[in-house]
2 protein chains.
Amino acid sequence: MGPRTANLLRDAGIQPSAQRVAVAAYVLETCDHPTADQVWARVRKSFPMISRATVYNTLNLFVKKGLLRQYTLADGKTVFDANVGRHHHFIDERTGRIYDLPWEALSVAKLDSLDGFEVREYHVVVRGRAKSAARRRA
Amino acid sequence: MGPRTANLLRDAGIQPSAQRVAVAAYVLETCDHPTADQVWARVRKSFPMISRATVYNTLNLFVKKGLLRQYTLADGKTVFDANVGRHHHFIDERTGRIYDLPWEALSVAKLDSLDGFEVREYHVVVRGRAKSAARRRA
DNA sequence: TTCAAGACCTAGACTTAATCTAAACGCAAT
DNA sequence: ATTGCGTTTAGATTAAGTCTAGGTCTTGAA
Ligand SMILES: [Mn+2]
Ligand SMILES: [Mn+2]
Ligand SMILES: [Zn+2]
Ligand SMILES: [Zn+2]
């Protein structure tokens with residue numbers, strides 16, 4: 001997470017300050033879907049002086065630059081997603097945990113015949129329970 | 001919207017107070033997907049003394065009794081939906097407005113082969129622009 | 001009819017997520 | 001050294017939502 005992360009930010013047109021690298025090292029690597037405050041809590045362990053505003057600003061900057069996506073899928077919680085490609089989501093109803101489903105795992109038919117709507121993107125939101133195999137995998 | 005609405009509430013096991021009938025008359029009839037504060041603003045026009053807490057309590061009660069569904073689809077906003085059957089959603093990216101798509105309008109394949117996940121429900125969230133025809137229809 | 005008991009409602013305090021503000025900081029070019 | 005600019009900071013602010021404690025309304029039994 002040293003110069004590799006810094007270069008990743010530079011390539012996206014972002015000045016790699018120490019705070020931004022610390023946020024990136026966590027949020028761009030995890031396969032969780034953390035909220036902003038979860039990111040703050042996590043990054044503060046290794047960077048105790050970082051402020052809440054900086055974490056929020058940094059996450060929003062990463063979204064604007066295409067390094068992150070932002071979703072609100074459940075509970076009114078806004079989460080961040082390092083998986084910026086197309087994919088679907090599975091929400092475990094017991095734990096609230098969000099899992100990624102590969103784009104090819106599902107297919108949606110009849111989208112073109114949606115009369116009156118110009119479709120730009122879509123994804124499937126699935127709810128249920130993740131079995132232990134999936135919990136381990138993620 | 002007088003005794004009809006009251007009976008609807010009674011049938012759901014809800015005591016039809018004046019406040020609850022006023023909330024129901026709007027939120028169970030609209031095909032919008034209003035937030036709690038939008039419901040409050042609307043109901044206050046005809047019932048100026050109703051409190052915020054009552055609107056929130058009433059909406060949550062309706063959800064618990066199965067008269068409403070609650071979604072968080074975009075912008076971290078929690079919205080209420082009088083359409084309690086299965087259906088999909090279309091979000092207009094310009095206006096933020098949410099439209100219902102009939103269940104049969106789309107079909108999702110390969111859901112049963114989702115290894116490691118026990119599916120309880122799912123729906124498709126589509127984003128794009130609603131053409132004027134759809135805007136009129138809704 | 002009266003009048004508790006319980007259900008319901010209300011204003012306002014509180015909590016939490018998120019943004020805003022204005023000052024301070026850090027670093028590079030002059 | 002001085003300036004300037006991008007970045008960070010603490011704290012104030014806004015907004016969604018819940019909670020509390022007391023007041024009001026309904027209801028049904030005496
Ligand atoms: Mn609202
Ligand atoms: Mn909020
Ligand atoms: Zn994801
Ligand atoms: Zn709907």
Side-chain angles (χ1 to χ4, degrees), chain A residues 5-6 9-10 12-27 32-44 46-65 67-81 96 98, chain B residues 3 5-6 9-10 12-27 33-44 46-65 67-81 96 98:
Chain A
T5 305
L9 296 186
R10 251 185 295 265
I14 297 170
Q15 201 69 302
S17 69
Q19 288 89 339
R20 286 166 176 176
V21 169
V23 171
Y26 168 59
V27 81
D32 279 349
H33 292 74
T35 65
D37 277 339
Q38 282 168 349
V39 173
W40 190 37
R42 177 65 177 258
V43 170
R44 263 199 301 180
S46 61
F47 202 135
M49 297 313 300
I50 195 170
S51 83
R52 188 198 255 282
T54 296
V55 171
Y56 274 84
N57 288 340
T58 300
L59 291 170
N60 289 334
L61 179 65
F62 287 0
V63 169
K64 198 175 63 179
K65 295 296 192 175
L67 297 177
L68 275 183
R69 302 213 54 180
Q70 195 170 21
Y71 291 98
T72 62
L73 296 171
D75 298 322
K77 282 192 214 302
T78 296
V79 300
F80 295 88
D81 192 340
I98 298 168
Chain B
T5 305
L9 296 185
R10 251 186 294 267
I14 296 170
Q15 201 70 311
S17 69
Q19 287 88 343
R20 285 166 178 175
V21 169
V23 171
Y26 168 60
V27 81
H33 292 73
T35 66
D37 278 340
Q38 282 167 347
V39 173
W40 188 37
R42 178 64 177 259
V43 171
R44 264 201 298 182
S46 61
F47 202 136
M49 297 312 300
I50 195 169
S51 82
R52 221 161 112 83
T54 295
V55 172
Y56 275 84
N57 289 339
T58 299
L59 291 171
N60 289 334
L61 179 66
F62 288 0
V63 169
K64 199 175 62 178
K65 296 297 192 175
L67 295 178
L68 274 184
R69 300 212 56 180
Q70 194 171 22
Y71 290 98
T72 61
L73 296 170
D75 298 322
K77 281 193 215 300
T78 296
V79 300
F80 294 88
D81 191 340
I98 298 168

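Side-chain atoms are counted along with the backbone in the values below, which use heavy atoms only and exclude waters and symmetry mates. Proteins get letters first, then strands, A, B, ... in listed order; numbering begins at 1 in each.
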In whole Å, I'd like the distance from the [atom1] atom of [X] to the [atom2] atom of [N].
X: A/Asp75; N: C/dA17; atom1: CG; atom2: P; result: 12 Å
X: A/Lys77; N: C/dT16; atom1: NZ; atom2: P; result: 11 Å
X: A/Gln38; N: C/dT16; atom1: CD; atom2: P; result: 14 Å
X: A/Asn57; N: C/dC20; atom1: CG; atom2: C1'; result: 10 Å
X: B/Ile50; N: D/dC25; atom1: CD1; atom2: C1'; result: 15 Å
X: B/Met49; N: C/dG12; atom1: CE; atom2: P; result: 10 Å
X: A/Leu9; N: D/dT7; atom1: CG; atom2: P; result: 12 Å
X: A/Trp40; N: C/dT19; atom1: CH2; atom2: P; result: 14 Å

Self-check item: Identified salt bridge (charged side-chain N to carboxylate O under 4.0 Å, His left out) counterpart of A/Asp37 within the set A/Lys77, A/Arg44, A/Arg52
Solution: A/Arg52
[X] vs [N]: side-chain N/O to OP1/OP2 distance below 4.0 Å:
X: B/Thr35; N: D/dA16; result: no
X: B/Tyr56; N: D/dG17; result: yes
X: B/Thr54; N: C/dC8; result: no
X: B/Arg52; N: C/dT10; result: no

Practice problem: Check whether any side-chain N or O of B/Trp40 sits under 3.5 Å from a backbone N or O of B/Tyr56 as a donor-acceptor pair, and report yes or no. | Solution: no
Self-check item: Polar side-chain atom of B/Thr72 near backbone of A/Ala74 as donor-acceptor pair, under 3.5 Å
Solution: yes
Nearest of [options] to any side-chain atom of [X]?
X: A/Ser17; options: C/dC8, D/dT18, D/dT7; result: D/dT7
X: B/Asn60; options: D/dT18, C/dC9, C/dT19; result: D/dT18
X: B/Gln15; options: D/dT9, C/dC8, C/dA17; result: C/dC8
X: B/Thr78; options: C/dA17, C/dT10, D/dG17; result: D/dG17
X: B/Ala53; options: C/dT19, C/dA11, D/dT9; result: C/dA11
X: A/Arg20; options: D/dT7, D/dA16, D/dT9; result: D/dT7

Quiz item: Going by heavy atoms in the side chains, are B/Val23 and B/Phe47 under 4.5 Å from each other?
Solution: no
Quiz item: Any side-chain heavy atom of A/Asp32 within less than 4.5 Å of one from A/Gln38?
Solution: no
Quiz item: So what does A/Ser51 touch, heavy atoms closer than 4.0 Å: a base, only the sugar-phosphate, or nothing?
Solution: base
